[in-house]
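Model, not experiment: these values are computed from the prediction. All values below were derived from every heavy atom in this structure, side-chain atoms included, with hydrogens, water molecules and symmetry-related copies excluded. In this chain, numbering begins with 1 at the start of the sequence shown.
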Amino acid sequence: MRKLFLTLLCLFTFTLINAQSNQDIANVYIKRAKEAIETSINYKEALVQFNKSLKFMDTITDRNVASLASLIYYENYLYQSTDKERLVFLKKAESYSRQYFLLTNNKTSEEYASNLENLILIKETIEEIEIKVKKEEEERIRKEKEHKKIDSLKTIWKHKSETLSLKIDSIYAFNANNIALYTKAGNFGVIDDRGRILLEATTYQDGLNAEGFILLKNTKEEPTKIYCFNTNDKNGFLLPDVSAFNATATHYGKLMLPRGNGRLVTYPNNSSEPMVYDLNVKKIVKVSDNVELFKSLKKDDIIDKYNKDGEVKVHKEWYLFGGDLGGKIYPLYTENMYDVHSFLCAASGKLLSAESGYKYIGAFYEDKSQVIKKDKVIWIDQEGAKVSAAKDAYKNYKGDSKVVKLEAGIYQILRNDVIVLGDEELEKMGEFLRKHKGN
């Protein structure tokens, strides 16, 4: 028992001495804190020294230390970078101030009154900053909600924009009837200036748009199928099979430009006559009475002779008569040959020979015919003289749609800065957000 008593006594003595030592150390740091304030008004240094003192004492039992701690933390709150950090310092200042009032009993002293004033100031400052922090938090939440809504609206807009996009390879120029060719996966189709697909690009590998008509061919050369889209009445149709024109023909051969009067000329294989087709009435056009035409040509000394086999003699040579291209221009063939020998221009009596490069002549319209001469396109009048190229009255688009390429294979059509596709429309993103973010 005596041994146990001695052990406890030693332990108590050591704790008392150690506690006394820690308090002394703490007092040194508190003294330094006071001096930092009194000599240089350096509250930052006072805070450093005071925090060191806390390591050597468990609680503050001196009202003056509590008052000092409250002052140090209050004076340091302004040095903090955010309101939340300032509140931490102010609340510590408030806590130390309340500790002071727990340690004093003299409510009439000047010291008590001064500390009470300080506590009220601390509480008012805390309240002021908390109101500010609350408003800032409310504003942060509002902006966060607004950003989320804007992000949501952007997602909605992007999805809608994608649905109003055309996934195609290219769009050609619109004509005066607001119709254009487009391509997809190597095929041609027909589209209008609001992005409506009038004919899917699935079958035809070549196409042309001229003088109000769009022609699509199933192959670039020697097509066996030709589709016509009349941009005037927005109707499309297949030309009759070439065998309906000539039973021995297997393809349409060379295809000339369609003209504004609806006439189209092609040069089928195995045929001693071009095929002239009226795209407006959808009929093959042939001379109704060759004999009467021949009589007229002979009377005018354009041909020398003719016979019942449909042959005409020109400049002492016999030719197979190949029909009428319009403008009194007639192709001439030699027997058992399917390439044109020459073209007779009855208005002048001139012969335009294949030997000199005249391979194909198209339909005559508005005083001009398209010619393929030595593999180049030229234009002639009805006398066979070279003239300026025909002007396509349908070439100039007068609408307000603009084709925009977003990326390879993705297009949109804009009309007055609004994305359009058929009957659907979508404002640009900025206008869309302004319109909907307040809803």
Side-chain angles (χ1 to χ4, degrees), residues 1-138 140-141:
M1 177 63 78
R2 184 178 179 184
K3 186 176 181 181
L4 178 61
F5 175 76
L6 290 173
T7 300
L8 291 173
L9 181 61
C10 289
L11 181 61
F12 174 76
T13 303
F14 173 79
T15 301
L16 185 64
I17 294 171
N18 191 59
Q20 185 64 44
S21 175
N22 284 347
Q23 187 60 52
D24 290 341
I25 295 171
N27 288 340
V28 170
Y29 285 122
I30 289 170
K31 182 181 178 183
R32 288 180 180 178
K34 287 180 180 179
E35 289 174 349
I37 296 170
E38 291 170 356
T39 59
S40 57
I41 318 177
N42 190 342
Y43 284 97
K44 286 185 177 181
E45 178 61 24
L47 178 63
V48 171
Q49 298 302 325
F50 176 75
N51 284 335
K52 288 180 179 179
S53 74
L54 291 178
K55 297 177 182 178
F56 297 95
M57 55 182 175
D58 295 328
T59 58
I60 295 175
T61 57
D62 186 324
R63 72 179 193 282
N64 293 318
V65 174
S67 178
L68 176 66
S70 179
L71 177 64
I72 289 172
Y73 269 94
Y74 179 77
E75 292 295 338
N76 272 281
Y77 93 91
L78 283 174
Y79 298 123
Q80 309 312 305
S81 57
T82 67
D83 284 333
K84 287 187 177 181
E85 290 173 344
R86 292 182 191 112
L87 279 175
V88 170
F89 273 71
L90 286 168
K91 288 186 176 181
K92 282 191 175 183
E94 181 187 25
S95 175
Y96 285 125
S97 180
R98 293 189 181 280
Q99 181 73 5
Y100 165 83
F101 290 107
L102 292 174
L103 296 172
T104 185
N105 294 317
N106 188 355
K107 296 183 179 183
T108 60
S109 67
E110 186 177 334
E111 177 191 279
Y112 183 93
S114 176
N115 275 275
L116 185 59
E117 284 288 334
N118 289 341
L119 177 60
I120 293 171
L121 178 60
I122 292 168
K123 288 171 65 65
E124 288 175 345
T125 307
I126 288 173
E127 183 179 351
E128 180 182 323
I129 294 179
E130 283 182 336
I131 290 171
K132 182 183 175 187
V133 168
K134 183 180 179 182
K135 286 182 178 179
E136 288 174 349
E137 181 65 13
E138 288 173 349
R140 185 193 67 78
I141 292 171

Within a reach of under 6.0 Å around [atom1] of [X], are more than 12 heavy atoms found that belong to other residues, nucleotides or ligands?
X      : atom1 : value
Ile141 : CD1   : yes
Asn106 : CG    : yes
Glu127 : CD    : no
Glu110 : CD    : no
Lys52  : NZ    : yes

TODO: Among Ile72, Leu78, Asn76, find the one that has a side chain to side chain contact (heavy atoms under 4.5 Å, CB included) with Phe89.
DONE: Asn76

Distance (rounded to the nearest 0.5 Å) between [X] [atom1] and [Y] [atom2]:
X      : Y      : atom1 : atom2 : answer
Glu137 : Asp83  : CD    : CG    : 12.0 Å
Asn27  : Arg32  : CG    : CZ    : 12.5 Å
Arg63  : Asn105 : CZ    : CG    : 9.5 Å
Ile129 : Leu90  : CD1   : CG    : 5.0 Å
Leu116 : Thr104 : CG    : OG1   : 11.5 Å

- [ ] Please work out whether the ring planes of Phe50 and Tyr96 are parallel, tilted or perpendicular, with thresholds of 30° and 60°.
- [x] perpendicular

TODO: Report the relative orientation of the aromatic rings in Tyr100 and Tyr112; use parallel for angles under 30°, tilted for 30 to 60°, perpendicular for over 60°.
DONE: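 Ring orientation of Tyr100 relative to Tyr112: tilted.
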
Does the side chain of [Y] come within less than 4.5 Å of [X]'s, by heavy atoms?
X      : Y      : answer
Lys84  : Val88  : no
Phe101 : Leu119 : yes
Tyr43  : Leu71  : yes
Met57  : Val65  : yes

Task: Verdict with supporting geometry, Lys135 and Glu138, salt bridge (charged side-chain N to carboxylate O under 4.0 Å, His left out) - done: CA-CA 5 Å; Lys135 286 182 178 179; Glu138 288 173 349; over 6 Å; no

TODO: Would you please say whether a donor-acceptor pair under 3.5 Å links the side chains of Glu111 and Asn115?
DONE: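 Looking only at side-chain atoms, Asn115 and Glu111 do not form any donor-acceptor pair under 3.5 Å.
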
Which heavy atom of [X] sits nearest to which heavy atom of [Y], and what is that distance?
X     : Y      : value
Ile60 : Gln99  : O-NE2, 2.9 Å
Ser97 : Ile122 : CB-CD1, 4.5 Å
Asp62 : Asn64  : OD1-N, 2.7 Å
Tyr77 : Tyr74  : CD2-O, 2.8 Å

- [ ] Could you give me the CA-CA distance, side-chain angles and deciding distance for Arg98 and Glu94, then say whether salt bridge (charged side-chain N to carboxylate O under 4.0 Å, His left out) is met?
- [x] CA-CA 6 Å; Arg98 293 189 181 280; Glu94 181 187 25; 3.2 Å; yes

- [ ] In plain terms, say whether Glu128 and Arg86 are close enough for a salt bridge, that is, a side-chain N and a carboxylate O under 4.0 Å apart.
- [x]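 Not counted as a salt bridge, because no side-chain N and carboxylate O are separated by less than 4.0 Å.
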
Open item on the list: Please check this pair: side chain of Gln49 against backbone of Ala36, looking for a donor-acceptor N/O pair closer than 3.5 Å.
Closed with: no

